[in-house]
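Step one of this worksheet: look at the structure below.
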Amino acid sequence: MTAPRTESFGEVRAAATGRRAWRAQAPVVAVVALGGATGACARYAASLWWPARPGGFPWTTFWVNITGCAVIGVFMVVITEVWAAHRLVRPFFGTGVLGGFTTFSTYAVDSRHLLADGRVPTGLAYLAATPVAALTAVWLAAWAARRVLKWRQP
C-alpha cells in the first residue's frame with residue numbers, strides 16, 4: 001500500500017495565493033456588477049423616455065453613447081489629474097455605470113437592422129457618425145474639464 005499523496009509546499013502556496021488574489025478582486029467584480037446594473041437601468045429609462053422610431057435614425061442610442069463618452073472624458077480627468085479616488089471608484093463608475101449606460105452593442109445591432117431593412121444611407125450615416133461623435137465627445141469633454149479646473153485653481 002502506498003501513502004496518500006500530500007500537497008507539496010509549492011502547491012499549498014499557489015492555492016493560498018489564488019485565494020488571496022480572488023479576495024482582492026471580489027470587491028472590484030462586485031462594484032463593476034453593481035455599477036453596470038445601475039448604468040443599464042439608466043439606459044433603459046432613456047429608451048422609455050425617448051423611444052426610437054422604427055426604421056428611423058436611432059437617436060436615443062446615439063445620444064446615450066455620446067453623453068456617456070462625454071462623462072467618461074470628464075471623469076477620467078477628475079480622477080487622474082485632480083482627485084486621488086478610492087481604488088473602487090474607477091471600476092464602479094467608469095467601467096460599471098458608464099459601461100452599462102453606453103451601449104455600443106446596441107449601436108451594432110441598430111446598424112445591422114438599418115442596413116438589413118434597406119435603409120443603407122441611414123445605416124451608413126449611423127455607422128460613421130457614432131464613433132466620430134463619441135471620440136469627439138470624449139476629447140472635448142476632457143479638454144473642457146481641464147480648462148475649467150485650470151481656471152478654478154487659485
Side-chain angles (χ1 to χ4, degrees), residues 7 9-54 56-116 122-153:
E7 294 178 345
F9 181 70
E11 290 171 348
V12 171
R13 178 179 280 173
T17 302
R19 282 190 296 275
R20 264 187 258 120
W22 170 246
R23 277 191 228 122
Q25 291 301 315
V28 175
V29 172
V31 298
V32 169
L34 181 63
T38 304
C41 287
R43 175 175 24 99
Y44 180 67
S47 72
L48 292 177
W49 179 66
W50 187 14
R53 197 185 68 205
F57 193 89
W59 287 108
T60 306
T61 303
F62 179 80
W63 285 110
V64 160
N65 286 336
I66 303 316
T67 303
C69 287
V71 173
I72 287 170
V74 172
F75 176 67
M76 291 307 294
V77 167
V78 169
I79 67 166
T80 60
E81 299 175 19
V82 177
W83 177 45
H86 185 275
R87 74 178 190 95
L88 297 177
V89 170
R90 186 185 295 192
F92 171 74
F93 191 72
T95 304
V97 174
L98 294 175
F101 182 67
T102 57
T103 174
F104 285 90
S105 59
T106 303
Y107 153 73
V109 170
D110 287 345
S111 299
R112 184 186 177 289
H113 285 205
L114 289 168
L115 296 171
T122 303
L124 292 176
Y126 183 55
L127 271 171
T130 297
V132 169
L135 291 171
T136 302
V138 170
W139 184 83
L140 283 174
W143 175 82
R146 284 186 184 103
R147 296 276 301 198
V148 166
L149 292 168
K150 183 177 179 183
W151 173 73
R152 291 188 50 132
Q153 288 180 350

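- By the ring pair (Phe, Tyr, Trp, His ring centres under 6.0 Å) test, F92 is found to be paired with no residue, residues two or more places apart in sequence or in another chain being considered.
- Within 6.0 Å of CH2 on W63 lie no more than 12 heavy atoms contributed by other residues, nucleotides or ligands.
- Here the straight-line distance linking atom CG of L124 with atom CG of L115 works out to 5.5 Å at 0.5 Å rounding.
- Listed by chain and residue number, E81 satisfy the side chain to side chain donor-acceptor pair (under 3.5 Å) test with R146 (two or more places apart in sequence, or in another chain).
- In this structure F104 satisfies the side-chain contact (heavy atoms from CB on, under 4.5 Å) test together with N65, C69, T102, Y107, T130, A134, sequence neighbours excluded.
- With sequence neighbours left out, the side chain to side chain donor-acceptor pair (under 3.5 Å) criterion links T106 to T103.
- Between L127 and P131, the closest heavy-atom pair is O-CD, 3.0 Å.
- Judged as a salt bridge (Lys or Arg N to Asp or Glu O under 4.0 Å), not a single pair has a partner in residues 130-144 (not counting sequence neighbours).
- In plain terms, the two heavy atoms of A133 and I66 that are nearest each other are CB-CD1, 3.3 Å.
- The side-chain contact (heavy atoms from CB on, under 4.5 Å) search around T95 returns V32, not counting sequence neighbours.
- For the ring pair (Phe, Tyr, Trp, His ring centres under 6.0 Å) test, residues two or more places apart in sequence or in another chain that qualify with F57 are W59, F62, Y126.
- Partners of T38 according to the side-chain contact (heavy atoms from CB on, under 4.5 Å) rule, which considers only residues two or more places apart in sequence or in another chain, are V97.
- With contacts defined as side-chain heavy-atom distances shorter than 4.5 Å, the pair F75/V89 qualifies.
- Side-chain contact check for C41 versus Y44: every heavy-atom pair is 4.5 Å or farther apart.
- Applying the salt bridge (Lys or Arg N to Asp or Glu O under 4.0 Å) definition to pairs two or more places apart or across chains, none involves residues 30-45.
- Minimum heavy-atom separation, L48 to P51: O-CD, 3.7 Å.
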Practice task
Take V71 and F93 through the side chain to side chain contact (heavy atoms under 4.5 Å, CB included) test and state the conclusion after the steps.
Solution key: CA-CA 10 Å; V71 173; F93 191 72; 3.8 Å; yes
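- Partners of T60 according to the side chain to side chain donor-acceptor pair (under 3.5 Å) rule, which considers only residues two or more places apart in sequence or in another chain, do not exist here.
- Here salt bridge (Lys or Arg N to Asp or Glu O under 4.0 Å) pairs that include residues 88-116, with residues two or more places apart or in two chains, number zero.
- Taking 4.5 Å as the limit, some side-chain heavy atom of L114 sits within range of a side-chain heavy atom of P58.
- The side-chain heavy atoms of R87 and V28, taken from C-beta on, include a pair separated by under 4.5 Å.
- Take W49 and apply the side-chain contact (heavy atoms from CB on, under 4.5 Å) test, not counting sequence neighbours, and it matches no residue.
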